[in-house]
Each structure stands twice: as C-alpha cells, then as structure tokens.
Amino acid sequence: MHKKRVLILETEIAVSSVLASILKDEGYQCIVRETSQGLPELLLQFRPAGILIARRIPELGVVKAIELIRRSPFGRHTAIIYLTASGSSIGEARSAGANVTIFKPIDINKLLFTLGNFTNLN
C-alpha cells in the first residue's frame, strides 16, 4: 500500500474532478472511477491508501463495494471515506467498514485532514 494513493469512486464528474485536482495538488496520486466495476483488479493494481466512495456508486452500490474492499488483501487497512449528501446509508456504510462519513458539499479542509490522518497511519 502506498501512502499517497487515493481511489475516488464518484458518479458526479464535477465532484470527482475537483477532488482529484485538489488531492493531486496536495501530493496524492489519484484514480477516478464512476463505477465499482473491476474493483478487485483495481485494488490489486493500484493499492490505494485511501478510498473516497459515494453513496450511489453503480454496479455494486456503496455497501457491497465497501464489503468487497474490506475482503480484499489490499483493502483491509485502507481508509474508506464515505461521501454522502443525504445522510442515507451511514449506518450501513459504517457497518460494512467505512471509517468516516463526510457530507457533501465537501469541506475540503476536513477531507484533507481526515485523509492525511488515515494515510499517515498506514
């Protein structure tokens, strides 16, 4: 696992583009996906230290995607930050293995602080 790698699973292109740009400026290497398709292979190849995952991620949905990440050899210790605008599925996401929930619109300083804390621990 590499401390500065972040996978962004977000369907809103405007959100994912801004997040990737900010994170790259902060020294993170980012991959953006709009779906959870091919997630096991992506985890194996990219080995992210952090994953930002939106509630409405297609294919698996947020809960099943988080469960899949946690079962992966490279996802057990990965920081998973659940992104939601509505507050829906927080309990389910947490039970599946999300570490933290951050609400949209995203407070960038909070996101950077949270991501930095988790990625420095791994």
Side-chain angles (χ1 to χ4, degrees):
M1 185 169 4
H2 299 277
K3 292 184 180 183
K4 289 291 198 172
R5 290 184 178 179
V6 175
L7 172 60
I8 302 170
L9 298 171
E10 169 63 69
T11 58
E12 296 180 46
I13 295 170
V15 172
S16 61
S17 296
V18 169
L19 287 174
S21 178
I22 290 169
L23 291 174
K24 286 176 183 176
D25 287 346
E26 294 294 322
Y28 289 92
Q29 182 182 357
C30 299
I31 289 182
V32 176
R33 294 289 183 269
E34 296 173 30
T35 177
S36 59
Q37 187 175 18
L39 189 55
E41 296 82 11
L42 183 58
L43 292 171
L44 190 77
Q45 292 171 359
F46 188 57
R47 300 181 185 185
I51 298 174
L52 309 180
I53 186 167
R55 183 171 76 86
R56 295 187 184 259
I57 196 70
E59 301 298 321
L60 296 174
V62 69
V63 172
K64 288 183 182 177
I66 292 171
E67 290 171 345
L68 185 141
I69 292 163
R70 288 296 183 221
R71 286 192 308 268
S72 164
F74 300 103
R76 290 186 189 127
H77 305 291
T78 299
I80 299 176
I81 299 173
Y82 173 50
L83 306 174
T84 183
S86 68
S88 295
S89 304
I90 291 173
E92 293 91 342
R94 177 70 52 106
S95 293
N99 298 98
V100 175
T101 298
I102 292 184
F103 289 93
K104 296 177 182 178
I106 296 168
D107 178 334
I108 296 300
N109 290 324
K110 180 178 180 178
L111 176 66
L112 291 174
F113 178 80
T114 303
L115 190 57
N117 281 338
F118 278 109
T119 57
N120 287 329
L121 294 174
N122 294 326

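Just so you know, these numbers use all the heavy atoms, side chains as well, and skip hydrogens, waters and symmetry mates.
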A.B. asks: For the residue pair Gln45 and Arg5, what are the closest heavy atoms and their distance?
C.D. replies: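 Closest pair (atom of Gln45, atom of Arg5, distance): O-NH1, 4.2 Å.
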
A.B. asks: Any non-hydrogen side-chain atom of Ser16 less than 4.5 Å from a side-chain atom of Ile8?
C.D. replies: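 A side-chain contact under 4.5 Å exists here.
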
A.B. asks: Check Ser36 against Ala65 and note the closest heavy-atom contact, atom names and distance.
C.D. replies: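 The pair with the smallest heavy-atom distance is CB-CB, 4.4 Å.
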
A.B. asks: Which is it for Gln29 and Lys4 under the side-chain contact (heavy atoms from CB on, under 4.5 Å) test, yes or no, and what are the steps along the way?
C.D. replies: CA-CA 6 Å; Gln29 182 182 357; Lys4 289 291 198 172; 5.7 Å; no

A.B. asks: According to side-chain hydrogen bond (donor to acceptor under 3.5 Å, both in side chains), who are the partners of Arg70, at least two apart in sequence or on a separate chain?
C.D. replies: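 Counting only residues at least two positions away or on another chain, Arg70 forms a side-chain hydrogen bond (donor to acceptor under 3.5 Å, both in side chains) with Asn99.
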
A.B. asks: Can you tell if the side chain of Tyr28 reaches within under 4.5 Å of the side chain of Leu115, non-hydrogen atoms only?
C.D. replies: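 Yes; the side chains approach each other to less than 4.5 Å.
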
A.B. asks: Can you name the nearest heavy-atom pair linking Tyr82 to Ala98, along with the distance?
C.D. replies: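 Nearest pair, atom of Tyr82 first, then Ala98: CB-CB, 4.1 Å.
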
A.B. asks: Glu12: which residues meet the salt bridge (charged side-chain N to carboxylate O under 4.0 Å, His left out) condition with it, sequence neighbours left out?
C.D. replies: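 Listed in chain order: Lys104.
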
A.B. asks: What closest approach, in Å, do Phe46 and Leu7 show between heavy atoms, and which atom pair accounts for it?
C.D. replies: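 Taking Phe46 first and Leu7 second, the nearest heavy atoms are CE2-N, 4.0 Å.
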
A.B. asks: Below 4.5 Å, heavy atoms only, C-beta onward: do Ile53 and Leu83 meet side chain to side chain?
C.D. replies: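 Not touching, per the 4.5 Å side-chain cut-off.
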
A.B. asks: Under the 3.5 angstrom rule, does the side chain of Thr78 hit a backbone N or O of Pro48 as a donor-acceptor pair?
C.D. replies: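 Checking the backbone N and O of Pro48 against the side chain of Thr78, a donor-acceptor pair under 3.5 Å is found.
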
A.B. asks: If you look at every heavy atom in Ala79 and Phe118, which pair is closest and at what distance?
C.D. replies: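 Reported closest heavy-atom pair: CB-CB, 3.3 Å.
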
A.B. asks: Report the residues that fulfil side-chain hydrogen bond (donor to acceptor under 3.5 Å, both in side chains) with Arg55, sequence neighbours left out, ordered by chain and then residue number.
C.D. replies: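 side-chain hydrogen bond (donor to acceptor under 3.5 Å, both in side chains) list for Arg55, sorted by chain: Ser86.
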
A.B. asks: For the residue pair Pro40 and Leu68, what are the closest heavy atoms and their distance?
C.D. replies: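 Distance-wise, the nearest heavy atoms are CG-CD2, 3.8 Å.
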
A.B. asks: So, applying side chain to side chain contact (heavy atoms under 4.5 Å, CB included) with Ser72, which one of Leu43, Leu42, Leu44 is it?
C.D. replies: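 Only one of Leu43, Leu42, Leu44 forms a side chain to side chain contact (heavy atoms under 4.5 Å, CB included) with Ser72, namely Leu43.
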
A.B. asks: Exactly one of Leu23, Ile106, Val32 should register a side chain to side chain contact (heavy atoms under 4.5 Å, CB included) with Leu52. Which one does?
C.D. replies: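 Only one option passes, and that is Leu23.
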
A.B. asks: Please check this pair: side chain of Thr11 against backbone of Ile57, looking for a donor-acceptor N/O pair closer than 3.5 Å.
C.D. replies: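 No; judged by distance alone, with no hydrogens or angles, the pair does not exist.
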
